[in-house]
Amino acid sequence: MDVEVTRLPGIGTKQEFTTASGRRLGVLTHRDGHRELLVSAREDPDSCTASVGLTDAEGQALGTLLGAPNLVAQLQDQQRDVDGVSTAQFPVGVGSPYDGRTLGDTAMRTRTSTSIVAVVRDHAVSPSPGPDFVFRGGDLVVVVGTGEGLGQAAAILESG
Amino acid sequence: MHSTALPLIELGALFFGLGILGRLAGRLGISPVPLYLLGGLAFGSGGLLPLEGIEPFTSVASEVGVVLLLLLLGLEYSASDLVGGLRRSWAAGIVDMVLNAAPGAIAALALGWGPLGALAMAGVTWVSSSGIVAKVLDELGRLGNRETPAVLSVLVMEDLAMALYLPITTAALTAIGLVAGLRTVGIAVALLVVVLVVALRFGSVVSALVESPTSEVFLLRVLGLALLVAGIASQLQVSAGVGAFLLGIAISEDTAETAARVLTPLRDLFAAVFFVVFGLNTDPAQVPAVLPVAIVLAVVSTVTKLGAGWFAARQIGVGPLGRWRTGAALVARGEFSIVIAGLALTTGAVDPGLAPLATTYVLLMAILGPVAARVVEPVHAGITRRLRPSPA
C-alpha cells in the first residue's frame, strides 16, 4: 500500500493513503506533536468530512483497535457454549488510577469475579498477564466474566 | 504629575483598549489586525483622542514589531520547505504575483502616484495574509484537504519573494541611484542564497548561537540576535525585516519551534503596536475619499486571488471545487500589506494618500477573506445547481 507523505510548511506533516473504496484516510501530525485523523468526504474527495484531534493515548487505542488481532471475537467464539459469560475489552486511559500501577493492585478477581485474560499494547498482545504486570495509558485490557462483573471492571479501570 | 506617569497611563490605556478589541475580534471570528488599525485611526492625528508623549516608545516598538513579524515568518518555514516550494510551485508563484500585483500597481498609476507608488501598491494587493489564511484553514477543518498544499505553496512563494521585493522596494524608494540600488539588491540575493545554503547544510551552527537550556537566556539571545541582524540589514539598506526573516530561516527546526513558542507573545505585543502606529499615522478624514478606490481594488483583487489559487490547485491535480476553495482561502490580505505600506510611507517618497488607501483596503480584505473562504462551497454548489438542473 502506498502511503503518501506531504510536508505542510508551517503546519506539519500529512500521511495518507486511498482505500479500496476510494476514500482518503490519513493522519496529520502538527509540529507541536498533536495528531488529527483525517477522513475524506464521499462527494468531494479533495475535502475532509472529518478531522478528529487525537491525544497520544487515543491514537494508540485506535491503532490497537484496528491493528490488534480481533481477540474479543475469537474469545467470544470459544465461549459460545458457556451461558452468561462474555468477553469485553476496556481501555486504561491516561488519567486512569491504574496508569502505571500493577494488575495486582486492581484486585479485579476479588472485587468483580472477572479475569483479565490479555492486555493489548502497541499492537502486541500479552496473554495471561500476571499480578505484577504494570498497566500503561493506552493499554486495552481484555476481560472475561459475567455482564455485571464486566460493568464493574470497566468502572474500576476508569475511576478506581 | 511625574514625568513618566502620563506615558504609562496612555500606554496602559492603549494596551487595555487593544485587549478589548482583540477579544471583540475573537467573538466576531475575525483577525484582530483590522480592529488594531481602527484603534490606531481613533487615537491618531485628527482622531477622537490624540495620544501624546509616547511616540519615542511606539516608533521603536513598531519597528521591533515588523522585525518580529518577519522573524516568526522565517521560523515557520524551514529552508528545505522554501527550496522545495520554489522547485515545485514557481509557476503558481509567478501567476500569483502577476495577477495580484497588477491591480495595486494599476490603481496607483491611475491615481497619479507614479512608478514608486505603483511598486508599493503592487505589494499591498499581492501578498496574502499567512496569519489569517492559516487560522481560517484550521478553523474550517481544511488542513487535511488535498488543495491545502497548494494554498501553503502560494504563501511560501510570496514570503520567499518578499525577501527580494522588500530590498528592491527599499532601494527604489530611497532613490539611492541605480548602481547603489543594484548593489543593495545584489546583497539581498546573495544573502538569501547564503542563508538557504547555510540553513540546509549548517543549520545547527546558527541554532548553537541561540540554544540555551533556560528559556530566559534563550529569549534574550534570540531576540538580541534578531535585532542585531535586523539593524545590520537596515544599515546595508536591505530592510530590517528581511534580515530577521533570513535569520528565522537559518535557525533550524527544533530550535525554531522553541524560538517560535517564546517569541509569539512578544510578536503579538509589538505587532499590535505596529498596526496601531500605522493607524495613528493615517488621517481618518481621508478615508472616505479613498473608499471607492479601495472597494474596487477589493473586488478586483478578490477575483485575481481566486484565479491565482485556482491555477495553483490545478497544478497539483485538485478538482474544480477544491480549486475555488484554494483561491478563496488566499483572498485575505493583512499584516504584510501594512508592512509594505509602512515601509513605503517612512521613506516619504510616495503619496501620503497611500496610508488611508492601504488601511481601508486591508480593513476590507481582512474581513472579506475569511468570509470568502466560508461561502465558497455554498456559492459553488448554488452555481453548479443552476447550470445543471437536476433531471427530477
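Only a predicted model underlies this, so the values are computations on that prediction, with no experimental measurement involved. Naming convention: chains lettered A, B, ... in sequence-line order (proteins, then strands); numbering from 1 in each chain.
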So, the part of B:Leu152 with a heavy atom under 4.5 Å from chain A: the answer is side chain
NE2 (A:His30) and CZ (A:Arg35) are apart, to the nearest 0.5 Å, by 11.5 Å
- Within 6.0 angstrom of B:Arg314 CZ, more than 12 heavy atoms from elsewhere: no
With no hydrogens and no angle check, do the side chains of B:Lys135 and B:Ser31 hold a donor and an acceptor under 3.5 Å apart?
no
The reported gap from CZ in B:Arg323 to CG in B:Leu306 (rounded to nearest 0.5 angstrom) is 14.0 Å
Whatever's closer than 4.5 Å to a heavy atom in chain A on B:Leu73 counts as neither
Quick note, salt bridge (Lys or Arg N to Asp or Glu O under 4.0 Å) partners involving residues 66-93 of chain B, not counting sequence neighbours, are A:Arg7-B:Asp81
Whatever's closer than 4.5 Å to a heavy atom in chain A on B:Ser78 counts as side chain
Applying a strict 4.5 Å limit to non-hydrogen atoms, the region of A:Leu28 in contact with chain B is side chain
Check your understanding: Does any N or O in the side chain of B:Thr148 come within less than 3.5 Å of the main-chain N or O of B:Arg142, such that one atom is a donor and the other an acceptor?
Key -> yes
- Message: For B:Glu139, is the CD atom crowded, meaning more than 12 foreign heavy atoms sit under 6.0 Å from it?
- Response: yes
Applying a strict 4.5 Å limit to non-hydrogen atoms, the region of B:Val156 in contact with chain A is side chain
So CG of B:Leu219 and OG1 of B:Thr258: to nearest 0.5 Å the spacing works out to 12.0 Å
Of the listed B:Ala313, B:Gly322, B:Pro149, the one with the largest count of heavy-atom pairs under 4.5 Å with chain A is B:Pro149
- Message: For B:Tyr165 and B:Trp126, take the angle between the two ring planes, folded into 0 to 90°, and tell me which bin it lands in: parallel under 30, tilted 30 to 60, perpendicular over 60.
- Response: perpendicular
Honestly, the part of B:Arg261 sitting under 4.5 Å from a heavy atom of chain A is neither
Among residues 43-51 of chain A, those lying within the under-4.5 Å heavy-atom range of chain B are A:Asp44, A:Pro45, A:Asp46, A:Ser47, A:Cys48, A:Ser51
